[in-house]
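Notes follow once the structure below has been shown.
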Number of protein chains: 2
Amino acid sequence: MPRAGTSANGRPRPATIRDVAERAGVSVATVSRILSGTYPSAPTTRGRVLRAVRELDYVANARARGLAGGQAKSVAIVVNSVISPHYAHVAQGVQDEAAREGRLCLVGTTGGDADRELATVQLMREEHAEAVILVGNIVVDDAYHERMAGYARALAAAGSQLVLCGRPPLGPDVPAIVVEYDNTAGAHAVTSHLLSAGHERILFLGRRAGYTTPDSRVAGYRAALAAYRVPHDPGLEVDGRMDRQEGYRMMRARLDEGPRDFTAVFACNDLIAAGARQALREQGLRIPDDISLAGFDDLPSAADIDLTTVHVPHEELGRTAVRLALHSETPGTVQHVMLGTHIVVRDSVRRRDVLSA
Amino acid sequence: MPRAGTSANGRPRPATIRDVAERAGVSVATVSRILSGTYPSAPTTRGRVLRAVRELDYVANARARGLAGGQAKSVAIVVNSVISPHYAHVAQGVQDEAAREGRLCLVGTTGGDADRELATVQLMREEHAEAVILVGNIVVDDAYHERMAGYARALAAAGSQLVLCGRPPLGPDVPAIVVEYDNTAGAHAVTSHLLSAGHERILFLGRRAGYTTPDSRVAGYRAALAAYRVPHDPGLEVDGRMDRQEGYRMMRARLDEGPRDFTAVFACNDLIAAGARQALREQGLRIPDDISLAGFDDLPSAADIDLTTVHVPHEELGRTAVRLALHSETPGTVQHVMLGTHIVVRDSVRRRDVLSA
DNA sequence: CTGTTAGCGCGTTCAC
DNA sequence: GTGAACGCGCTAACAG
């Protein structure tokens, strides 16, 4: 007869609810009820059961509970990488809200690879996560759309939820929750800020055609230029990925290329801004005295370098994703939330007339 | 009769192995065997089953599989916060290795709170994670030791593994795996580097009595001073937490306090170094021309500010933790691995004689 | 208030 | 090769 702590083959085995029941001299069902706490019970029985639980250091088997009861208590988040601050902050929001709701957090990373993403979503499906939250920037084409629609339908059919975080919606026929933030408005706002400070030649760092996030930010940039009736010079838009090295590279290359033909820089995100800033400083250019600089994201490090930037509610994004997913009245519905962004003015932008004065 | 996709109460329900069996006209056992792939089977049957799987978009229920079969395929990691770079990099290593081994990753955050840590470990125990990896800096006292020993024994009794990452071992009687890195040697190395460059008044930023990580680094710092027969001035050790704001605060306060009585700074980590650097530059002090600066961690951002620092193999730490936990011959054994650290020389330290010249 | 019974979805014996 | 039967640990009916 295997005892708690040892199975037939000698391998350690955790105590089960039956061990608790035996020790307390009650039935398994009673233990289950007392532990779930939703049923009335005699104080005596209750005490005996709780004591047995403590003595055996019993914890319920989540897998068995999930099988027997309803849904599992877990939320899945899928990101490119854990070490990118943008993702990390969203993930933190997901963690927070999941914990608040008593949910566990499953994390998967894709490295930006579509195959790994697919595999990860399948894995989360096997785990029966209540929701699968996909976060981040991505190329949107037909293949992507089809793939996401597939995820959404498969998850919905399994009573789960696909949540797209910081990605555009898929359409009315696809059951997914979308939690976005307003990239275009944010980019419009900073660009206007630069324009109203008298800057007309604004370098945009980090364009990347086909990727939703840079695309939307470029759009906001261009719209602001148009609103101010400032001619749009495509030569001021520099292609590059959204990390710090790229920011340095793009700025450095631009400075090496020839005479400086801009007075301000709008970096597609704070990482690029940080890299660009380093390149500028290395050339003896001061910010904001010689060059104005703005970013996007408002990561904590932005405050450290006094960067004027657009605040993205990263953690709120994660929290909202979880909240909507868990409290969705009718699972499998399409919902769309657009969170606001706002400009945070620090000290990296100067009026142009002050400069020329 | 509920079909796949719809249960009795109308709620969506994923396809089960039985649905696949029915559609393929075979028994559930056959489906199970074919999918596990370890059994011989008639090509015809095999084809029919695989087709049914595809048509139904079937994925096995991980919970049921875990219940029936052996272990679950998951590894748990518990950190203070996901947004701290140090933790994030270790987490990335855990993710990588877990994915390589076909394991899923459960993540819990504690915010540095012991109660939340306890709750999180219990949760991971319920999930039957193959290993629970606790990472990071912590106060080590008797209460801590007792708590960890409790975790270790409970996990071992359940056939799981406690892994301590970047924390000291608990003793020979406690079944835990410890994956450390050499804080003291690293601190000794940078301090020696500063000393051999002629610096004798080296400010240590980020002491925090009782916390293992700063304690070990202070120890290395002092040992190097002793080795160079440089008198140890406790007044050069400044207390503070390990983040950027603190680094700024400590440096700023020190500079405001009175005349500068040091020529070099050893920051307890790169975050502190970054903050201190900002404070120094604001006072017009150049690095390394006026002040030499060294850090600890070698985060990617250290390269951006040309910081001489100690390389910590963060991701290797995470990978090793997972590897040891999964391939431990005898679960519940005590193992101890100490990973090396090495100094990375960049451009934040200058010879003192050059300065005076 | 509590015990008994019947599954949850799957792997794994046994038989055929 | 394949099918029927049992059990993993637990919750949810249905009695009493």
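Bear in mind the structure is a predicted one, so any value in this text is a computation, not a measurement. Each chain gets a letter, A, B and so on, in the order its sequence line appears, and its residues count up from 1.
A:I138 places a side-chain heavy atom less than 4.5 Å from the side chain of A:Y144.
Salt-bridge check for B:D173 with B:R153: passed, with a basic side-chain N closer than 4.0 Å to an acidic carboxylate O. A salt bridge links A:R125 to B:D57: at least one charged side-chain nitrogen sits closer than 4.0 Å to a carboxylate oxygen.
Under the 3.5 Å distance criterion, with hydrogens and angles disregarded, a donor-acceptor pair is assigned to the side chains of A:Y87 and A:N80. A donor-acceptor contact under 3.5 angstrom links the side chains of B:S27 and B:T30, judged on distance only.
Each end of the helix from C:dC1-D:dG16 to C:dC16-D:dG1 gets its own axis, taken as the rotation carrying the C1' atoms of four end pairs onto the next four within a five-pair window, and the two axes meet at 40° to the nearest 10 degrees.
Of all non-hydrogen atoms in B:R63 and A:L67, the two that sit nearest each other are NE-N, 3.8 Å. A pairwise comparison of heavy atoms in B:R323 and B:E97 identifies NE-OE2, 3.9 Å as the closest pair. Taking each heavy atom of B:H336 and B:P169 in turn, the nearest pair found is CE1-CG, 3.4 Å.
Residues of residues 44-55 of chain A that place a heavy atom closer than 4.0 Å to DNA chain C, in numerical order, are A:T45.
Going from atom CD1 of A:I17 over to atom CG of A:L35 covers 6.5 Å, rounded to the nearest 0.5 Å.
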Where protein sits on nucleotides 8-16 of chain D, one letter per nucleotide: B base, S sugar-phosphate only, - none, heavy atoms under 4.0 Å: BBBSBB---
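Across the protein-nucleic acid pair, A:I34 atom CD1 and C:dG3 atom C1' stand 13 Å apart, rounded to whole Å.
Taking only side-chain nitrogens and oxygens, B:T30 comes nearer than 4.0 Å to OP1 or OP2 of D:dG3.
More than 12 heavy atoms of other residues, nucleotides or ligands sit less than 6.0 Å from atom CD of A:Q122.
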